[in-house]
Amino acid sequence: MTKTISFNELRRIKMQLPPGSTQRIADELGICADTVRNYFGGDHYKEGNSVGIHIEPGPDGGIVALDDTTILEKALSILGETLELQEVE
């Protein structure tokens with residue numbers, strides 16, 4: 001599934017994730033943590049792989065076309081879990 005999102009929104013999602021989420025996403029998907037970092041705009045190509053994101057200049061940090069939303073969906077799922085825990089406490 002493809003998705004278009006602003007670069008700043010993608011970074012906001014990444015910054016809201018609790019500590020350890022990058023490694024958790026990597027472990028659950030069986031990929032390198034640096035690949036997850038690259039998905040969120042990182043530049044860790046020595047260890048991680050390209051993940052099919054295409055960034056074009058534009059408003060709000062630019063437009064990012066995601067070829068695959070699996071990592072984004074995992075991140076949003078973790079954020080949902082975090083919000084549920086905060087509501088219980």
Side-chain angles (χ1 to χ4, degrees):
M1 181 177 186
T2 62
K3 181 174 180 70
T4 302
I5 187 172
S6 76
F7 182 78
N8 287 343
E9 179 61 21
L10 186 64
R11 292 299 300 166
R12 276 191 286 274
I13 292 168
K14 166 68 173 87
M15 298 307 291
Q16 292 175 340
L17 290 170
S21 295
T22 298
Q23 188 62 54
R24 177 179 166 188
I25 293 169
D27 290 346
E28 289 181 5
L29 296 177
I31 58 178
C32 175
D34 281 340
T35 300
V36 176
R37 292 181 182 99
N38 292 342
Y39 190 85
F40 286 104
D43 188 15
H44 304 270
Y45 294 103
K46 186 174 181 181
E47 297 292 328
N49 293 322
S50 175
V51 288
I53 65 168
H54 312 279
I55 303 172
E56 297 180 24
D60 204 18
I63 303 299
V64 180
L66 303 169
D67 290 344
D68 186 331
T69 59
T70 304
I71 293 173
L72 179 63
E73 290 167 7
K74 284 283 185 190
L76 293 173
S77 174
I78 291 170
L79 285 178
E81 292 172 6
T82 303
L83 290 175
E84 287 177 14
L85 286 174
Q86 289 174 347
E87 289 175 1
V88 170
E89 295 176 349

Worksheet, complete the sentence: Taking every heavy atom of A26 against every heavy atom of C32, the minimum-distance pair comes out as CB-C, 3.9 Å
Item to complete: Is it possible for you to say whether L76 and L83 belong to one hydrophobic cluster, with membership spreading through side-chain heavy-atom contacts below 4.5 Å?
Response: no
Worksheet item: So how far is it from L29 CG to T35 OG1, rounded to the nearest 0.5 Å?
Response: 10.5 Å
Item to complete: Just jot down the salt bridge (Lys or Arg N to Asp or Glu O under 4.0 Å) partners of D60, sequence neighbours excluded, or say none.
Response: R12
Discussion item. So, taking the atom named OG1 in T70 and the one named CD1 in I31, what distance separates them when rounded to the nearest 0.5 Å?
Written reply: 8.5 Å
Worksheet item: Using a distance-only test with no angle check, is there a side-chain donor-acceptor pair under 3.5 angstrom linking S6 and N8?
Response: no
Response to the item:
So CG of L72 and CD1 of I13: to nearest 0.5 Å the spacing works out to 5.0 Å
Worksheet item: Does any non-hydrogen side-chain atom of F40 lie less than 4.5 Å from one of I71?
Response: yes
Worksheet item: Looking at CG of D68 and CD1 of I53, how far apart are the two atoms once the value is rounded to the nearest 0.5 Å?
Response: 12.0 Å
Worksheet entry | Reported OH-to-CG distance for the pair Y39 and D67, which is rounded to 0.5 angstrom | 9.0 Å
Worksheet item: Any sub-3.5 Å donor-acceptor pair from T82's side-chain atoms to I78's backbone N or O?
Response: yes
Practice prompt. Please examine the side chains of K14 and T22, heavy atoms only from C-beta on, and report whether any two atoms are closer than 4.5 Å.
Written response: yes
Fill in: Contact list for residues 18-41, test salt bridge (charged side-chain N to carboxylate O under 4.0 Å, His left out), sequence neighbours left out
R24-E28, R24-E81, E28-K74, D34-R37
Practice prompt. Kindly give the heavy-atom pair with the smallest separation between I5 and L10, and that separation in Å.
Written response: CD1-N, 4.0 Å
Practice prompt. With sequence neighbours excluded, tell me which residues meet salt bridge (Lys or Arg N to Asp or Glu O under 4.0 Å) with R11.
Written response: none
Worksheet item: Going from OG1 on T4 to CG on L66, what distance comes out if it is rounded to the nearest 0.5 angstrom?
Response: 7.5 Å
